[in-house]
Amino acid sequence: MVPIYKIFKIIAGLMVSGFILYFLLVYITSYVAIQESIKATKIVNNFKNAVEDVYIYGKPVVFSDFSKTPFKFYIDVESFSIVSRGGNIPKIALKRPLFFIYDDNVLINKGLLDTGWWRFFYVIATPEMRIYFNPLNSDAKTWEIIENITIGLSDSKGYDVKMIFGFCDGEKLRSQLCGNKKAEPCEKYEFLDVVETIKNGGGVDFERCVIKDGKHTRIVTIDYNCSSYDGLCITPPNQYGIGNVYTSNGIWIYKDPLDLIVFILAENDENRVDFFVMKNEMQRRDMLLWIEITENRYKDIMNMISRLISQKRLSPNADIVKCLPLIKNMIDNMEDMKRIIQDKYYLEIDGVYEYKNILNILHDIWRKVLVFGCDYEF
Amino acid sequence: MSFRGQWGVMEYILTVIVFIILITIFIFFLSWWQITQMEKEMKISKMDKALSIMKFVTNSYLFVKEPNVFDDTKLFSWIDKCEKLHEILGDGWFMELIIFDGKGDVICHKEYNTYCNHFIFCKEYRREYSILPLPVNINKRFGFVFENGIISRTYPGLLKIGVYSER
């Protein structure tokens, strides 16, 4: 017969082992989940730092760390932050304008919208993408639009994550248009050379594209009459640089190439509107900040010049005094611009026209400010 | 139960207790290790934050005339605009710029002038912080004033980015 204490040993041993095993399993499970979240948070922070470095220094970078985490990320337009699908990962606020399409490997590149007196830098982070243009007219404005869009997108030369450009002609996607000895896909500057050649040769006629957008493939139709198109269609700009973008969510007004770029990069029609609104809100905030700083700066300069003249340290005939009316003119027009962009001006045609008008006036005054040496070009 | 049996049970219970104590100590050790790692991460992240702010302010045209050359007219525009600075760069930091012009320390206030040489942005006193310094240049718009014009002048200086410890 088995002694009682041996039975006791067996039962006690089983209970204690069961307890320890249960405790270890619970600990390990939550530890693994926490570590995964920590890893994913580190990866997103690394991505944010990479975006920041590209924004500051302008050197493109390929970011491949997303493949190390099972979570997917996207931009939450309302809070301007990077959020994850699933996982207990905190939102990471975006401090710089970023247009991001998620995939395991993305190319991060810097872009610029330059008006002279104000510059809007932005960052594009995209996976391998193919952009096919379908120009249905062969006039100068159509080719200009294609050039402006291409200039604003990434140059992937020398990087593994490519951005390829080409044309859609009916049922065919033509991307092997470049290369010296054999036909190769076109990257940014090679494609611009191809466009230049076509432009100078009088243009080429294309048939309406029947191919739909793919996961990372975009078809961009350019036509004066977009009302009958399914998918993204852009009308060439008028003499003020304003045109329309047609999507299944409605008709939108564009006023600069970046408006078009965000429409093209977005993954679906709902995303397109979100990207468009996000871009314009970021641009508005950036411009308001720049106007505030510049106005303060110019007022200080004006006051200083006036003070020096009243102290007889500066002659009223000095060259710098000629800057006073120009600077005053800049301040007045920047005040007008502030008034125009206070609200969602970019959704209304009148707002957009007013914006473009003041933008052109400021550009002209700025040129004179530079010529007179009143300020420097940054 | 015989004495041998009882002693056997006691021995067994004691062994289990010692084993549980060892596991508990191991778990406490793991937790301590995690906390130490987290403190180390926090220190690294503070320095990263300071570095990130430094990279931005020394290259952004909101502050500089060219990389690492601050424009004094732009710096004056940022005085008393701490909220706006926090919007662009987050909070929990401050910035100081000292111009080495050979004169005594004069703090710059909102009104533009050419004689102050110490800019302070977002500094809260009575808070602990870590500092990251960097030699920079500061361009004064009204460096030399002559009857017929003005010439800007560039001075050497020191940029200090401070990141506060958590409250």
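Naming convention: chains lettered A, B, ... in sequence-line order (proteins, then strands); numbering from 1 in each chain.
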Checklist line | Where B:G149 and A:A318 come nearest, the two heavy atoms and their spacing | finding: N-CB, 4.1 Å

Notebook entry, point to check: Which of the residues B:L89, B:L75, B:N148 is involved in the greatest number of heavy-atom pairs with chain A at under 4.5 angstrom?
Noted result: B:N148

Next item on the list: Considering only heavy atoms and a distance below 4.5 Å, find which of A:V321, A:I320, A:I293 pairs most often with chain B.
Entry: A:I293

Next item on the list: Flag the one option from B:F146, B:F19, B:F142 with the top tally of heavy-atom pairs under 4.5 Å to chain A.
Entry: B:F142

Notebook entry, point to check: If you measure from the Lys or Arg side-chain nitrogens to the Asp or Glu carboxylate oxygens, is any gap between A:E292 and B:K84 under 4.0 Å?
Noted result: yes

Note to self: Heavy-atom pairs under 4.5 Å with chain A: which of B:K74, B:E41, B:R141 has the most?
What the structure shows: B:K74

Check: Mind checking whether A:N296 and B:K81 have side chains closer than 4.5 Å, heavy atoms only?
Finding: yes

Next item on the list: Select one option (side chain, backbone, both, neither) describing which atoms of B:I88 are under 4.5 Å from chain A's heavy atoms.
Entry: both

Notebook entry, point to check: Going by heavy atoms in the side chains, are A:N45 and B:D48 under 4.5 Å from each other?
Noted result: no

Note to self: As an exercise: rank A:N303, A:I305, A:D319, A:I301 by heavy-atom pairs under 4.5 Å with chain B and give me the winner.
What the structure shows: A:I301

Next item on the list: Determine the interplanar angle of the A:Y55 and B:F56 rings, folded into 0 to 90°, and report it as parallel if under 30°, tilted if 30 to 60°, perpendicular if over 60°.
Entry: parallel

Item checked: Among the listed options A:R307, A:R285, A:K312, A:E295, the residue most often paired with chain B at heavy-atom distances under 4.5 Å -> A:R307

Margin query: In the structure I gave you, are the side-chain heavy atoms of B:E66 and A:Y376 within less than 4.5 Å of one another anywhere?
Written below: no

Check: Among B:I150, B:L30, B:D71, which has the most heavy-atom pairs under 4.5 Å with chain A?
Finding: B:D71

